[in-house]
There are 2 protein chains.
Amino acid sequence: MHDGQLLALMKCLAPEQVEQIGRHAQVLTGIDNMQPVGRRALAGRLRLPEREVRTIAANLKDQGLLTLDAAGMQLTPKADQVLPGARDLTRSLFGLHDLEDRLSKALNIPYVLVVAGDAEKDVQVLREVGRACAHRLRSLLSGQKTVAIAGGSTMMETARGMQFASLPEVTVVPARGGMGNSIETQANTIASELARRLGGRCKAIHVPDSLDASALGEMLRLPEVKEAMELLEKADVVVHGIALADDMALRRSLPPSIVQRIRENGAVGETFGDFFDRSGHTVYRMNTVGTGLGHNEKSHLIAAAAGARKAPAIIAALRRERHDSLITDESAAQEILSLL
Amino acid sequence: MHDGQLLALMKCLAPEQVEQIGRHAQVLTGIDNMQPVGRRALAGRLRLPEREVRTIAANLKDQGLLTLDAAGMQLTPKADQVLPGARDLTRSLFGLHDLEDRLSKALNIPYVLVVAGDAEKDVQVLREVGRACAHRLRSLLSGQKTVAIAGGSTMMETARGMQFASLPEVTVVPARGGMGNSIETQANTIASELARRLGGRCKAIHVPDSLDASALGEMLRLPEVKEAMELLEKADVVVHGIALADDMALRRSLPPSIVQRIRENGAVGETFGDFFDRSGHTVYRMNTVGTGLGHNEKSHLIAAAAGARKAPAIIAALRRERHDSLITDESAAQEILSLL
DNA sequence: TTTAGCGGGTCAAATTTGGCCCAGCGGGGC
DNA sequence: GCCCCGCTGGGCCAAATTTGACCCGCTAAA
């Protein structure tokens, strides 16, 4: 019997109890996310009554899954073994697996993961998306691989959500659409953080912000810069977020004329410095200097983006280029499905 | 993720709730076994407090799985869809799947099914074994098959437990070790009942009891009898119970000298009129006239026997001949494992 | 030393449980 | 065909348990 069938069966027999089990799993994962944590903080985040958290925590303690001390609740090593299963279970019970399947079919993406909640209402959700993205990335990494990771808050959470490992053969490169502004500097930071956690190398390119075009052209001819660019082009895995065109136009402080042009052309999203419209066509390319998308055809493309507002941008980004994996949140997932 | 893993995970997270779900499944299957049935009768059989049955019944009613009226509780068509799953779930949660796996390995039998309970303490268990045996038999039947079924109370329950079907191409033959006594007459009855339920043909051989040897020899030369014997020999599936040697020696009212001989030779069990010892070697063959075991090498052999007392006989019978399936009850299963 | 956050205790309110009875109905015996 | 008995679901209420909403003493970090 398949998993989903078993869960459906049990839901049919005793929905109350299944939900209760789900809440247990939720509490367990919640503790893992914030440990050490107290009942009240946790109850607030999970939107559960304090008393229920207390009862569940007592149960889990009986099972030897957590310890209660003055610092708060913390998971035991035993809990770490059940944790992946518990995460999966919560996703199943929240109906997220169903969302994932539908998205996977509708968007033609092999791997889709949906995190419960709404990133716009709960910052914790973005962390969860980052963690899930990190997990997916980790599962694609083995031996001598090159990872390119872009910038943005989602990618920051991805780097921070990566578990520590020892993969000295792995090289991390900032997947930058161009060079010479603060956004790309941030990509450097993220890449080095990711490399640190993976125990691998990082080929970050440190360039002062706001150089003029000719100075950038000079830099591109430097051997180490060229090396990094080549690495970027043959990256095995490329991970990136998806930005809203409007937000990004403002944040990158583009000249008003450009902003207007972007808007008039119906841009909805931005990746790697490229603004694109609903159908995924490039409307404006921010970086005249750089490698463009920065990946080849054989590489795994992982996109991570959360929040219902980003739904149109996500759809467009996925139309633009065939992706291997999508990590998003519940609200975005539902919005995407309603837009299609 | 595999089923057992999911259940183990949930047990680890919230054992109480999992048990509760198990009880729900138990009540559902219990109702199916005895419907229409009242709370108290059911509570008595399942050894649960009446109130709990009441609560669970209310839950199941909320799920639209059963109706409550003056006649008692009855399942709805919707419940029939979940019923097989519920049966399997109860077996999983009672740890019977574990028993099955261990028996399967220890005895080298591909299909093992263990029914909860003890047939010696609860007659209902034998019915359940019969039902399970019928289910297994049914799963092996398709198109033009010949089934041989032996006698005994377990086989009677197997025939009675078979769901009605329409398999006109199926032929049922009584799997008899010999001819000419009441036991074989019973095999006829069972075979015809089974054939009736399967919607197939029955090739029963009606011979008066207690003919002498020469008269039997004559009968064996009759064309219709020969035909039945040939069918028996090429049966695709053979289903049989396993009797205790002592019981059977008494019940068949053998002469005291034979009974003593059987005992002295350490007979533990009997099938098809053959008495055998612990190692499965034939100690005494009751029927000098007949087809012996009555099956060929290619046929599926299904054995069904319940009750801890039968454990040694079951072990010996399985040593005696390679079986395809074993259906037994919990007490016998545990006794078998403790004896090995 | 202060302070914020922790687990645990407490206790009334709400809910569930346990055990019993009741009126009604349906099937088996006559 | 009819009646009667046994079993049915549902009602009921006290007992037990769980829930909810606090407070308290402690500890670890600031």
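Lettering follows sequence order; numbering is per chain, from 1.
Using a 4.0 Å heavy-atom cutoff across all strands shown, B/Ala41 reaches sugar-phosphate atoms only and no base atom.
Regarding B/Leu42, its CG atom lies at a distance of 14 Å from the C1' atom of D/dG9, rounded to whole Å. Nucleotide D/dG9 holds its C1' atom 13 Å from the CD1 atom of B/Ile31, rounded to whole Å. Look at CG on B/Leu68: it is 19 Å from P on C/dG24, rounded to the nearest Å. Computed from coordinates, the A/Asn59 CG to C/dG7 P distance equals 16 Å when rounded to whole Å. In this structure, A/Glu16 atom CD and C/dT16 atom C1' are separated by 13 Å, rounded to whole Å. Straight-line distance from the CD1 atom of A/Ile56 to the C1' atom of C/dG8: 18 Å, rounded to whole Å.
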Sub-3.5 Å pairs of nitrogen or oxygen atoms, protein against nucleotides 13-23 of chain D:
| unit_1 | atom_1 | unit_2 | atom_2 | d |
| --- | --- | --- | --- | --- |
| D/dG20 | N7 | A/Arg51 | NE | 3.0 |
| D/dG20 | O6 | A/Arg51 | NH2 | 3.4 |

Anything under 3.5 Å between a protein N or O and an N or O of nucleotides 2-4 of chain C, put it in a table, one pair a line.
none

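Mapping A/Ala70 and B/Lys61 onto DNA chain D via the closest heavy atom, the residue that lands nearer the 5' end is B/Lys61.
Between the side chain of B/Asp329 and the main chain of B/Val115, no donor-acceptor pair closer than 3.5 Å is present. Looking at A/Glu120, its side chain does come within 3.5 Å of a backbone N or O of A/Arg309 through a donor-acceptor pair.
Within a 6.0 Å sphere centred on NE2 of A/His97, other residues, nucleotides and ligands contribute more than 12 heavy atoms. In this structure, B/Arg127 places its CZ atom where only 12 or fewer heavy-atom neighbours from other residues, nucleotides or ligands lie under 6.0 Å away.
When the nucleotides C/dG8, C/dG7, D/dG9 are ranked by their closest atom to the side chain of A/Met73, C/dG7 comes out on top.
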For this session: Take B/Gln74 and B/Asp69 through the side-chain contact (heavy atoms from CB on, under 4.5 Å) test and state the conclusion after the steps.
Result: CA-CA 8 Å; B/Gln74 281 180 270; B/Asp69 53 40; 4.1 Å; yes
Exercise. Hey, mind stepping through A/Asn33 and A/Glu128 against side chain to side chain donor-acceptor pair (under 3.5 Å) and telling me if it holds?
Worked result: CA-CA 8 Å; A/Asn33 286 344; A/Glu128 196 59 36; 3.0 Å; yes
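Atom-to-atom distance recorded for B/Ser153:OG and B/Ile190:CD1 is 8.5 Å, nearest 0.5 angstrom.
The pair B/Arg91-B/Glu100 meets the salt-bridge criterion, with a side-chain N (NZ, NE, NH1 or NH2) lying under 4.0 Å from an Asp/Glu carboxylate O. B/Glu52 and B/Arg23 are joined by a salt bridge, as a carboxylate oxygen and a charged side-chain nitrogen come within less than 4.0 angstrom of each other.
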